[in-house]
Structure formats: C-alpha cells, structure tokens
Undergrad: 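Take this structure, written in structure tokens, and hold onto it; I'll ask about it next.
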Amino acid sequence: MAQGSQSAPAPVPLIDLVAQYQTIENEIQDAVQSVFANQSFVLGDLVTEFEQDIAKYCDNRHAIGCASGTDALILALMALDIGPGDEVITSPFTFFATASSIHRVGATPVFVDIEPDGFNLDPTKVEAAITKRTKAIMPVHLFGQTAEMDPLWRLAVEHKLAIVEDAAQAIGAAYRGRRTGVLGTVACFSFFPTKNLGGAGDGGMVTTDDADLAKRLRSLRVHGDVGRYEHIEVGLNSRLDALQAAVLQVKLRHLDDWSDSRRANAERYEKLFAQYGLTDIATLPPTLPDRTHVYNQYVLRVPGDGRRDALLSSLREQEIGAAIYYPKALHQQTCFASLGYQLGDFPEAEKACREVLALPIFAELTNEQQDRVVEGIANACGRLGSNTIRRAA
Ligand SMILES: *Cc1c(COP(=O)(O)O)cnc(C)c1O
C-alpha cells in the first residue's frame, strides 16, 4: 500500500438484505421453526392467514397467494379470460415480466409511452391505444410510486376494460389515500427478495374484491381443480409455500416502518444533493400529487450524452452500489420484435433508459453510508478536491 494512503472506506451496497435480516433474525427463526414443526409446506393454514393479512393490509376482500409476481400477473389475466386475440395496454418501461405475462397467455402487449416524472404510463396517451380488442390496462407502479389512476379508471369504465395493477414494486404505496391492491380490478404483488416485502425465495399474491374472480384464481393456481380432482379448465401449478408465508408474515409487521425509513432516506438525499451542489447534475425523483411513495428504488435522472454511464462506472470504481433500471425498453427487446415497434416509438421510455440511475435507499442505510454515496457522486463530477477521489487499487 502506498505510504500515507488512508484506509479504504467500506463499500456501500445497493441493497443489504443481511442488515435487514439481522434486525429480525429471532422472529424469522421462530416462524420458520414452526413451519418445520408442522411439516405443512404448500398452501395450508399459514398461507391462508398470510393471505388475510395482505387483504387487510391493502383493504381488499380477497388475496390469493401464488408462486411469483410473474405468476400473479399470468393468473390475473387468465382469470379475466384474456388470451389470444386480446390486447392489454401497458408500459414499455418496466421489468420484463409485465409484458411477458401478457404474451404468455397468448394476448398482445400494446405499449403506451410513460410520463417522465413518475416513469409510469402516461394516461393522456392511453385512449388513443384502445381498440376493439383491448381487454385491460396494466399500469405498473414503478419504483414504488403509483401510476396516475384517476384517468385510467375513467377510461376503464367508459370502454369496459379491466385494470390489472402491476404492484410488484409498490406494496404499501398509496394513491389518494388508498393503497395498491385496491386500485384496479385485480392487483399483483411480488415477494421476490429485493422487493419491499421480500421472502426467502419466490412468491406472489393477487388481490381483488370480486368473489368470482377470487374463486377462479384459487382454482387456477392448483391446475384448475375445482375440488375432488374435478377440472373444468387447465390452470397452473403456482402456490405459495408456508415457509414463504411465515417469513413474509413476520416482515409485513415491519413493512410500514421500513417504508418510513426509505422515505426519510429520500428526503435526506434531497438535502445532501443541495448541500453538495449537485442538483444541476441529476434530477431527483419527485413525489407526485396524491401519492405515497415507498421507494422500492430511488432513481435519479442524469441527462447529457454518456454522463449517466460515466457516473455509474465512477461509482462502481468507488465501490458504491448503483444500477440501471432499466437499460432497454421492452419494445426494443428481441423477443418482442414481432410486435413491430421501432426505435423512436416511445421517446420518453427510451430517454429514461439512457438517463436513469438507482442509488441505495434500503431502510437500514446509515447516514454515513448515504454521505459516502453523495460524496462519491460529487467526486465523480469533480465537485470535490481531486485528492479525495478514491482510485481503484
Ligand atoms: C419483480 C417484478 C415482477 C415479477 O415478479 P417476480 O416475483 O420476480 O416474478 C413483475 N413486474 C414488476 C414491475 C416487477 O418489478
């Protein structure tokens, strides 16, 4: 090591599930132990209890556990009888599963551009995309902030469309005081470990207030069985494990506190960016009117040719966690080439792909870690003395 060099600061991860686990280790261990003591692993009483917990949390009537967020979307579309020949309107700027679920049931994803502030479906552009084949709108509550639902509800009523919420990143987020899970005909959640309510593996949930849809979803997740090995349609094998329910039930009790911490971290970023004079370099994510944001991701925009990528590589060199969600819009994915979209069709989504950068926002992020993130950005932008830039060894 060079003489006089300071000890390297500790890396800051983008997300730290170990730090979270350490705060709830005993509760999780007890819950997991009881599942092993009972040896009931798939569906069962604990899953039913957790479904009721989620229904209560969202203030909806029914919650149906399944194997993943992707399956939740597929099951929801199946339960709505959406299939070949049908169109579903959604965002091209989202995780792949939003559109792949539509494709998987044989329907056609129809993309509509996003509004730039919240990164969600631009409601003013949805009506023009509605055709005779449109069956549903699938808004995504991206990064933990809900889409603008009011105009979507009006369009859904007017054109008799279902709304399928992709709430995978937004459990606990609210629009006009109502949480995700009640903002559509059905809502789909993911319990992938990095979501705000993350399990110890894959898991998902569908919520609805419609008793018939709920009944159909319960049958569809067990091969379409309607009881005593009677099948009137072919469903999936997509069930929630008791082990996941046990872990998630514990974590649900902490979810609101964790969301508060994420919001506090976001507020602190605002202060730090101003303090370091960085507000001209990056646009920070706004909280839109009528929303409660839960910050599954804290996503900046770094405009300017190549500047986002330069900042990302500098942060990586400084061992500061940062990532791009998402580098490529879905209309540009090879597997959707047959949909016939071109580069330039969704300029806002494409621009977002070039500008976005996610920073650490997890609940256990310490002030020291957060300071390091912002100092790292200042370093990268030459806003601090060059002697403070930490070079890779
Ligand atoms: C994570 C995610 C999904 C899929 O959930 P899985 O549980 O990983 O299958 C769907 N949509 C969005 C927006 C997501 O972030």
Side-chain angles (χ1 to χ4, degrees), residues 14-15 17 47 50 54 63-78 88-105 109 111-112 114 118-121 136-147 149 163-173 180-181 183-184 186-207 217 221 236-241 243-245 247-248 251 262 285 293-299 323-331 333 335-336 349 352-353 356 358 361-362:
L14 183 62
I15 179 170
L17 291 174
V47 171
F50 177 59
I54 290 289
I64 298 94
C66 62
S68 69
T70 306
D71 276 4
L73 292 165
I74 291 172
L75 288 164
L77 293 167
M78 290 173 81
V88 178
I89 292 171
T90 194
S91 165
F93 187 66
T94 173
F95 178 62
F96 180 69
T98 307
S100 74
S101 65
I102 300 168
H103 179 88
R104 184 46 63 221
V105 299
F111 296 120
V112 166
I114 57 167
F119 302 107
N120 287 321
L121 211 50
I137 305 171
M138 188 185 280
V140 182
H141 308 310
L142 203 67
F143 304 143
Q145 180 160 242
T146 76
M149 295 306 295
I163 290 185
V164 180
E165 287 180 78
D166 183 342
Q169 299 183 6
I171 191 160
T180 58
L183 304 178
V186 286
C188 304
F189 293 99
S190 164
F191 304 125
F192 186 78
T194 61
K195 309 291 165 138
N196 285 18
L197 182 62
D202 278 308
M205 186 82 70
V206 186
T207 58
L217 286 160
R221 72 175 168 179
L236 307 180
N237 169 15
S238 182
R239 303 170 294 205
L240 189 64
D241 292 344
L243 274 170
Q244 298 309 333
V247 168
L248 292 163
K251 288 194 172 191
R262 286 170 182 269
H293 203 322
V294 293
Y295 292 102
N296 179 240
Q297 299 292 350
Y298 186 81
V299 176
I324 297 172
Y325 304 113
Y326 295 89
K328 197 176 203 179
L330 297 187
H331 67 289
Q333 296 288 349
C335 64
F336 292 134
C353 292
V356 289
I361 191 73
F362 59 92

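Worth saying up front: this structure is predicted, and the values here are computed from it rather than measured. First listed ligand is number 1; within each ligand, the first listed atom is number 1. All values below were derived from every heavy atom in this structure, side-chain atoms included, with hydrogens, water molecules and symmetry-related copies excluded.
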Undergrad: Applying the side chain to side chain contact (heavy atoms under 4.5 Å, CB included) criterion to Asn120, which one of Thr94, Ile114, Leu142 satisfies it?
TA: Leu142
Undergrad: Backbone or side chain, does any N or O of Gln169 fall under 3.5 Å from an N or O of ligand 1?
TA: yes
Undergrad: Please identify which atoms of ligand 1 are closer than 4.0 Å to at least one heavy atom of Ala97.
TA: 4 (C), 10 (C)
Undergrad: Relative to the heavy atoms of Thr98, which atoms of ligand 1 are at a distance of less than 4.0 Å?
TA: 11 (N), 13 (C)
Undergrad: For Asp202 and Ser68, which I'm curious about, is there any donor-acceptor pair between the side chains at under 3.5 Å?
TA: no
Undergrad: Would you say Tyr326 has any N or O atom under 3.5 Å from an N or O of ligand 1, going by distance alone?
TA: no
Undergrad: Please confirm whether Phe143 and Phe119 have ring centers closer than 6.0 angstrom.
TA: yes
Undergrad: Once you restrict to heavy atoms under 4.0 Å, what part of Val140 touches ligand 1? Side chain, backbone, both or neither.
TA: side chain
Undergrad: Using ring centroids (six-membered ring only for Trp), state whether Phe191 and Phe50 fall under 6.0 Å.
TA: yes
Undergrad: Return the closest protein heavy atom for atom 13 (C) of ligand 1 as residue, atom name and distance.
TA: Asp166 OD2, 3.4 Å
Undergrad: Any nitrogen or oxygen of Ser190, side chain or backbone, less than 3.5 Å from one on ligand 1?
TA: yes
Undergrad: Tell me the closest heavy-atom pair linking Gln297 and Ala358, and the distance in Å.
TA: OE1-CB, 3.9 Å
Undergrad: Determine whether Met138 and Ile102 make a side-chain contact, defined as any pair of heavy atoms from C-beta on separated by less than 4.5 Å.
TA: yes
Undergrad: Enumerate the atoms of ligand 1 whose separation from the nearest heavy atom of Thr94 is less than 4.0 angstrom.
TA: 13 (C)
Undergrad: Just heavy atoms, cut-off under 4.0 Å: does Thr70 contact ligand 1 by side chain, backbone, both, or neither?
TA: both
Undergrad: Check whether any side-chain N or O of His141 sits under 3.5 Å from a backbone N or O of Ala147 as a donor-acceptor pair, and report yes or no.
TA: yes
Undergrad: For ligand 1, indicate whether the residue Ser68 contacts it via side chain, backbone, both or neither (heavy-atom separation under 4.0 Å).
TA: both
Undergrad: If we only count N/O pairs under 3.5 Å, is Phe192 in contact with ligand 1?
TA: no
Undergrad: Report, in ascending order of atom number, the atoms of ligand 1 lying under 4.0 Å from any heavy atom of Ala168.
TA: 2 (C), 3 (C), 10 (C), 11 (N), 12 (C), 14 (C), 15 (O)
Undergrad: Can you find a pair of side-chain heavy atoms, one from Phe189 and one from Thr180, that are under 4.5 Å apart?
TA: yes
Undergrad: What protein heavy atom is closest to atom 15 (O) of ligand 1, reported as residue, atom name and distance in Å?
TA: Lys195 NZ, 2.6 Å
Undergrad: Do Phe96 and Phe336 have ring centres separated by under 6.0 Å?
TA: yes
